[in-house]
Student: 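Let me begin by handing over the structure; questions about it come next.
None of these values were measured; they are calculated from a predicted model. Side chains are part of it too, since the values below use all heavy atoms of this structure and drop only hydrogens, waters and symmetry mates.
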Amino acid sequence: MSSGSSPSPLRAWWAQRPPAAGAAVMATGIVSVALHLTGHESLSRTALVLACAAWVTLAADFVHLLPAERTRWMTRAGTPGALTAVAATTVLGTRFTLLGWTPLAAVLLTSAALLWPGLLVLVVRRWGRRMPGAVFLGCVATEGLAVLGATLAAATSTAWLAHAALVPFWLGIVLYLIALFRFDLRQVARGRGDHWVAGGALAVSALAGAELLAAAGTGMYLWNADDQAVLHDLTVFLLALGLAWYAVLLAAEIAWPRLRYDVRRWSTVFPLGMTAAATLSAATVLDAPWLETPGRALLWIAVAGWLAVAAGAVVAARAGLRSAAGGAPGLRSTAPR
């Protein structure tokens, strides 16, 4: 059989990537944001380039599947991992806003906002009981819109955008509470990585609150003193809960080690980076400079986690490509024995 009649090893391997692979973009993008917040601009931009490359590749695959394999696209779009497409887009948009590339950030915000409702409905309709940590991605994607909207509002002094960002902020908290009752708590001991999103969702909610407070601090009149106080106290509360989840999940990793690589480990790195970013942002907005030290410590834990998972991903990719090459009918004759 000619090689033209069967997929290449690369395409065969890539076809097996789950929708949750978008968590790699989320993880890399938020690490880039946290590195920027601590002044490590060269490392931040390097991470941003990697995140952009991964986003473009995943986006091309996502768009290609819609006309080519609509049934498969619908199946994948209905899984919780599909919401990583929205979350990853908002993370990149937030980083571009911090670079001053506001037109590009606005395009990404628009794209994410258009994609979000359809995917959210497809995913929520398939929610069941005793769900893995990916169930919290509904909150993460929704709060991602709030983070990007608030950050862009502050950068462009656009009051209506800050007010609009309040909608996904509050909705994200509601989605978190709903997801919490569907989350299988046994995942804390048994999960393969995405159980960390239980804490990461709170961290991104805290970051959204911090960015909304920061937008008000740019001189725009957004809300009265009472509203400001509620937002301030809620942001503190969300950050405290996020840090508490972090401690619980870290203790569980020590008690029940899970050292083998799994693509869902990118959903561990994302909460690590998001908790660092939220803590660092809160340190400034809440006038709590003492939070900078733990924020920096959390950042380097996230960087170490990113390096470990990236190394595991490379090893797994090499093994997957060898397996795909060995299983391709048109390539068996040239595969090493």
Student: Is Ile254 reachable from Val248 through a run of hydrophobic residues whose side-chain heavy atoms are each under 4.5 Å from the next?
Tutor: no

Student: What's the shortest heavy-atom distance between Leu37 and Ser281, and which atoms?
Tutor: CD1-OG, 3.6 Å

Student: Counting only N and O atoms by type, is there a donor-acceptor contact under 3.5 Å from the side chain of Thr94 to the main-chain atoms of Thr90?
Tutor: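 Judged by distance alone, yes, a pair lies under 3.5 Å.
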
Student: Is there a path of hydrophobic side-chain contacts, each under 4.5 Å between heavy atoms of I/L/V/M/F/W/Y residues, joining Trp160 to Val147?
Tutor: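 Linked, Val147 and Trp160 end up in one cluster.
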
Student: Judged by atom type as modelled, is there a donor-acceptor pair below 3.5 Å linking the side chain of Arg258 to the main-chain atoms of Gly191?
Tutor: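 Yes.
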
Student: Just jot down the side-chain contact (heavy atoms from CB on, under 4.5 Å) partners of Val140, sequence neighbours excluded, or say none.
Tutor: Met26, Ala87, Leu137, Val197, Ala201, Val204, Phe270

Student: What's the separation between atom CD in Gln187 and atom CG in Leu249, rounded to the nearest 0.5 Å?
Tutor: 11.5 Å

Student: If hydrophobic clusters are built by linking Ile, Leu, Val, Met, Phe, Trp and Tyr wherever their side-chain heavy atoms come under 4.5 Å apart, do Ile30 and Val49 end up in the same one?
Tutor: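 No, no single cluster joins them.
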
Student: Quick one: CG on Leu109 to CG on Leu114, what's the gap to the nearest 0.5 Å?
Tutor: 9.5 Å

Student: Return the minimal non-hydrogen interatomic distance between Ala215 and Met220, and the atom names on each side.
Tutor: O-CE, 3.5 Å

Student: Flag the pair Leu243 / Thr279 as yes when at least one side-chain heavy-atom distance between them is below 4.5 Å, and no otherwise.
Tutor: yes

Student: Applying the 4.5 Å side-chain criterion to the ILVMFWY set and letting contacts propagate, would Trp256 and Leu272 be lumped into a single cluster?
Tutor: no

Student: Would you list the atom pairs, donor with acceptor, under 3.5 Å between side chains in residues 165-185 and any protein atom, with sequence neighbours excluded?
Tutor:
unit_1, atom_1, unit_2, atom_2, d
Tyr176, OH, Ala198, O, 2.8
Tyr176, OH, Trp245, NE1, 3.1
Arg182, NH1, Gly128, O, 3.0
Asp184, OD1, Arg186, N, 3.1
Asp184, OD1, Arg186, NE, 3.0
Asp184, OD2, Arg186, NE, 3.3
Asp184, OD2, Arg186, NH2, 3.1

Student: For the side chain of Ser44 and the backbone of Leu35, is there at least one donor-acceptor N/O pair under 3.5 Å apart?
Tutor: no

Student: If you measure from NE2 on His36 to CG on Leu99, what distance do you get to the nearest 0.5 Å?
Tutor: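 Nearest 0.5 Å value for the NE2-CG distance: 7.0 Å.
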
Student: Output a table of donor-acceptor pairs, distance under 3.5 Å, between side-chain atoms of residues 226-236 and any protein atom two or more places apart or on a different chain; print 'none' if there are none.
Tutor:
unit_1, atom_1, unit_2, atom_2, d
Gln228, OE1, Trp223, NE1, 2.5
Thr235, OG1, Leu231, O, 2.8

Student: At their closest point, which heavy atom of Ala34 faces which heavy atom of Gly273, and how far apart are they?
Tutor: CB-O, 4.4 Å

Student: With a 4.5 Å cut-off on side-chain heavy atoms, are Arg125 and Val121 touching?
Tutor: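 They are in side-chain contact.
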
Student: Can you see which heavy atom on Leu119 is nearest to which on Ala82, and at what distance?
Tutor: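 Result for this residue pair: CD1-O, 3.7 Å.
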
Student: Give every residue pair that meets the ring-ring contact (aromatic ring centres under 6.0 Å, His included) criterion with at least one member in residues 88-112, sequence neighbours excluded.
Tutor: Phe96-Trp101

Student: So does Asp287 have more than 12 non-hydrogen atoms from other groups sitting under 6.0 Å from CG?
Tutor: no

Student: Are Leu286 and Leu213 close enough that some pair of their side-chain heavy atoms sits under 4.5 Å apart?
Tutor: yes

Student: Dump the intermediate steps for side chain to side chain contact (heavy atoms under 4.5 Å, CB included) on Val315 and Tyr261, then the final yes or no.
Tutor: CA-CA 9 Å; Val315 172; Tyr261 170 76; over 6 Å; no

Student: Taking atom CZ of Arg265 and atom CG of Asp194, what is their separation to the nearest 0.5 Å?
Tutor: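 The CZ atom of Arg265 sits 9.5 Å away from the CG atom of Asp194.
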
Student: What are the two closest heavy atoms between Ala88 and Trp55, and how far apart are they?
Tutor: CB-CD1, 4.3 Å

Student: Under a 4.5 Å cut-off applied to non-hydrogen side-chain atoms, are Trp300 and Val303 in contact?
Tutor: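 The answer is yes; the side chains approach within 4.5 Å.
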
Student: With a 4.5 Å heavy-atom cut-off, do Met131 and Pro80 have their side chains touching?
Tutor: yes

Student: CZ of Phe136 to OG of Ser267: how many Å apart, nearest 0.5 Å?
Tutor: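 One gets 12.5 Å once the value is rounded to the nearest 0.5 Å.
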
Student: Please name the residue in the list Val107, Leu148, Leu108 that meets the side-chain contact (heavy atoms from CB on, under 4.5 Å) test with Thr89.
Tutor: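 When Val107, Leu148, Leu108 are each tested with Thr89, the side-chain contact (heavy atoms from CB on, under 4.5 Å) holds only for Leu108.
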
Student: Please list all pairs passing the ring-ring contact (aromatic ring centres under 6.0 Å, His included) test where one or both residues lie in residues 193-220, with sequence neighbours left out.
Tutor: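 Counting only pairs at least two positions apart or across chains, the ring-ring contact (aromatic ring centres under 6.0 Å, His included) contacts touching residues 193-220 are Trp196-Tyr246.
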
Student: Heavy-atom count check: over 12 atoms from other residues, nucleotides or ligands less than 6.0 Å from Arg192 CZ?
Tutor: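 Counting neighbours around CZ of Arg192, 12 or fewer heavy atoms of other residues, nucleotides or ligands fall under 6.0 Å, so no.
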
Student: Answer yes if Leu207 and Phe237 sit in the same cluster of Ile, Leu, Val, Met, Phe, Trp and Tyr residues linked by side chain heavy atoms under 4.5 Å apart, and no otherwise.
Tutor: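 In one cluster: yes.
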
Student: When rounded to the nearest 0.5 angstrom, what distance separates OG1 in Thr110 from CG in Leu115?
Tutor: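 Taking OG1 in Thr110 and CG in Leu115, the distance rounds to 12.5 Å.
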
Student: Can you list the residues that meet the side-chain contact (heavy atoms from CB on, under 4.5 Å) rule with Thr38, with sequence neighbours excluded?
Tutor: His40, Leu280, Arg296, Leu299

Student: Mind listing the closest non-hydrogen atom pair of Ala206 and Leu239 along with its distance?
Tutor: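 Taking every non-hydrogen atom into account, CB-N, 3.7 Å.
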
